[in-house]
Asker: 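Mind having a look at this structure? Questions to follow.
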Amino acid sequence: MNLLELFSGIGGFSLGLHQAGFTFDKVYFSEIDRHAIANFKHNFPNAQHVGSVCDITRASIERPDIITFGSPCQNFSAAGNGLGLQGAESSLIRYAIEAIDYFRPDIFIWENVKGVLFERHCRDFWAIVKALADIGLYQIEWQLLNTAWVLPQNRERIYLVGRLAEKCRDKVFPVCETTPYRLSVSALMPYCFHHACSAFENGCSRNL
């Protein structure tokens with residue numbers, strides 16, 4: 001099994017998957033910060049650095065079974081400039097989507113700040129979901145999770161998981177702190193769901 005970690009930082013996804021019991025024959029990671037690259041190589045000596053995400057589809061690597069990406073959040077963050085996909089950093093997610101379309105992994109996982117679900121970013125969020133859905137192979141689920149459920153830290157993040165539909169059996173979400181429940185789209189995004197629907201109906205959705 002092979003893993004490709006995009007926007008890898010120091011290897012959070014690699015560590016999490018390892019701790020969850022996954023073993024990989026090959027670990028590839030894409031990162032441009034030299035300190036993060038050095039840290040990743042220290043943490044995972046056998047991992048192969050494959051350069052910038054902008055060139056990922058030209059990298060000479062074996063097909064990854066899993067692709068993970070915590071794409072830049074600056075333009076979605078509550079503390080950011082609010083530009084969403086129009087921002088230079090957060091728009092880089094398009095390269096992750098291109099990689100999924102090119103490599104066709106069995107599974108992909110996207111992590112980002114909860115600001116992606118804010119009303120002002122709802123059209124961008126649906127543009128991302130639509131771009132992934134348009135690949136035509138994946139069952140896509142997502143949920144807003146809080147690390148406070150398992151760690152002494154209040155950190156809300158959206159996790160979106162795509163799996164090859166032909167191999168899907170059970171659902172990934174919901175993951176809940178206590179009582180299991182199913183999050184509908186409208187429950188997950190109470191402030192922007194109807195606005196997003198109106199945007200699509202009026203033909204004003206954004207393209208990646």
Side-chain angles (χ1 to χ4, degrees), residues 3-9 12-14 16-17 20 22 30 53 56 64-78 80 84-85 87 89-147 149-150 155-176 181-193 196-197 199-200 205-208:
L3 169 67
L4 172 59
E5 188 170 355
L6 306 175
F7 312 102
S8 65
F13 269 116
S14 294
L17 290 169
F22 286 83
S30 174
V53 68
I56 196 62
D65 300 277
I66 301 176
I67 293 179
T68 63
F69 53 110
S71 55
C73 66
Q74 292 95 316
N75 310 121
F76 288 121
S77 173
L85 290 179
E89 295 85 6
S90 294
S91 65
L92 292 173
I93 192 175
R94 68 184 184 276
Y95 293 107
I97 296 171
E98 287 178 8
I100 293 166
D101 192 23
Y102 181 79
F103 291 112
R104 306 294 174 96
D106 292 344
I107 301 169
F108 61 83
I109 307 171
W110 175 44
E111 175 270 338
N112 217 280
V113 296
K114 72 173 182 179
V116 171
L117 303 179
F118 290 172
E119 180 177 356
R120 63 182 175 179
H121 297 311
C122 63
R123 288 195 298 171
D124 288 340
F125 175 73
W126 283 109
I128 292 167
V129 172
K130 182 177 185 300
L132 293 167
D134 283 349
I135 296 172
L137 299 173
Y138 295 97
Q139 176 174 304
I140 300 171
E141 305 173 61
W142 62 88
Q143 185 178 340
L144 187 68
L145 304 177
N146 194 333
T147 56
W149 298 352
V150 293
R155 191 178 182 88
E156 292 178 294
R157 293 292 183 269
I158 181 175
Y159 286 86
L160 182 148
V161 177
R163 296 175 295 156
L164 286 174
E166 62 184 20
K167 296 185 178 181
C168 285
R169 295 181 181 177
D170 299 321
K171 300 288 187 181
V172 173
F173 299 122
V175 175
C176 302
Y181 64 95
R182 185 70 187 167
L183 281 177
S184 66
V185 174
S186 55
L188 185 61
M189 296 188 295
Y191 298 108
C192 75
F193 176 67
C197 289
F200 275 101
S205 60
R206 293 176 180 165
N207 294 319
L208 287 170

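From a predicted model like this one, the values you see are computed outputs, not experimental measurements.
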Asker: In Å, rounded to the nearest 0.5 Å, how long is the span from CD1 of Ile158 to CD of Gln143?
Answerer: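 So the CD1 of Ile158 and the CD of Gln143 are separated by 9.5 Å.
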Asker: Which distance, rounded to the nearest 0.5 Å, do you find between the CZ of Phe69 and the CD1 of Ile56?
Answerer: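 Output value for this atom pair is 12.5 Å.
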Asker: If you look at every heavy atom in Ile107 and Val161, which pair is closest and at what distance?
Answerer: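 That would be CG2-CG1, 4.4 Å.
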Asker: Could I get the full list of ring-ring contact (aromatic ring centres under 6.0 Å, His included) partners for Phe108, not counting sequence neighbours?
Answerer: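 If we apply the ring-ring contact (aromatic ring centres under 6.0 Å, His included) test to Phe108, skipping adjacent residues, the hits are Tyr138.
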Asker: Set out, in order, the CA-CA distance, both residues' side-chain angles and the distance that settles side chain to side chain contact (heavy atoms under 4.5 Å, CB included) for Ile93 and Trp110, then state yes or no.
Answerer: CA-CA 10 Å; Ile93 192 175; Trp110 175 44; 3.6 Å; yes
Asker: Residues in side-chain hydrogen bond (donor to acceptor under 3.5 Å, both in side chains) with Gln74, at least two apart?
Answerer: none
Asker: When you look at Asn112 and Cys73, which way does the side chain to side chain contact (heavy atoms under 4.5 Å, CB included) test go after all the steps?
Answerer: CA-CA 6 Å; Asn112 217 280; Cys73 66; 3.3 Å; yes
Asker: Would you name the heavy atoms of Leu92 and Phe7 that are closest together and state the gap between them?
Answerer: O-CZ, 3.5 Å
Asker: What's the spacing between Arg120 CZ and Phe76 CZ if we round to 0.5 Å?
Answerer: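 The CZ atom of Phe76 is 10.5 Å from CZ of Arg120, to the nearest 0.5 Å.
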Asker: Show the nearest heavy-atom pair for residues Lys171 and Arg163, with the distance to one decimal.
Answerer: CA-NH2, 3.9 Å
Asker: Once side-chain hydrogen bond (donor to acceptor under 3.5 Å, both in side chains) is applied, do any residues pair with Ser90, and if so which ones, sequence neighbours excluded?
Answerer: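 Ser90 satisfies side-chain hydrogen bond (donor to acceptor under 3.5 Å, both in side chains) with Asn75 only.
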Asker: Does Glu5 use its side chain to pair, donor to acceptor, with the backbone of Phe13 at less than 3.5 Å?
Answerer: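 Here the side-chain-to-backbone pair exists.
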Asker: Could you check Tyr95 against Leu6 for side chain to side chain contact (heavy atoms under 4.5 Å, CB included), going step by step and ending with a plain yes or no?
Answerer: CA-CA 9 Å; Tyr95 293 107; Leu6 306 175; over 6 Å; no
Asker: With a 3.5 Å cut-off and sequence neighbours excluded, list the donor-acceptor pairs that the side chains of residues 96-106 form with protein atoms.
Answerer:
residue	atom	partner	partner atom	Å
Asp101	OD1	Arg104	NE	3.3
Asp101	OD1	Arg104	NH2	2.9
Arg104	NE	Asp101	O	2.5
Asp106	OD1	Arg63	NH2	2.8
Asp106	OD1	Lys167	NZ	3.4

Asker: Return the set of residues passing side-chain hydrogen bond (donor to acceptor under 3.5 Å, both in side chains) with Ser77 (not counting sequence neighbours), or none when no residue passes.
Answerer: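 Partners of Ser77 under the side-chain hydrogen bond (donor to acceptor under 3.5 Å, both in side chains) test: none.
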Asker: Could you walk me through whether Leu3 and Phe22 pass the side chain to side chain contact (heavy atoms under 4.5 Å, CB included) test, one step at a time?
Answerer: CA-CA 10 Å; Leu3 169 67; Phe22 286 83; over 6 Å; no
Asker: Taking the side chain as everything from C-beta on, heavy atoms only, tell me whether Leu160 gets closer than 4.5 Å to Ile140.
Answerer: yes
Asker: Only counting residues at least two apart or in another chain, list the ones meeting salt bridge (Lys or Arg N to Asp or Glu O under 4.0 Å) with Glu111.
Answerer: Arg157
Asker: Please report the shortest heavy-atom distance between Leu145 and Val175, naming the atom on each side.
Answerer: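 Heavy atoms of Leu145 and Val175 come nearest at CD2-O, 3.7 Å.
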Asker: Heavy-atom distance under 4.5 Å between the side chains of Tyr159 and Val172, does that happen here?
Answerer: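 Heavy-atom side-chain distance check fails, nothing below 4.5 Å.
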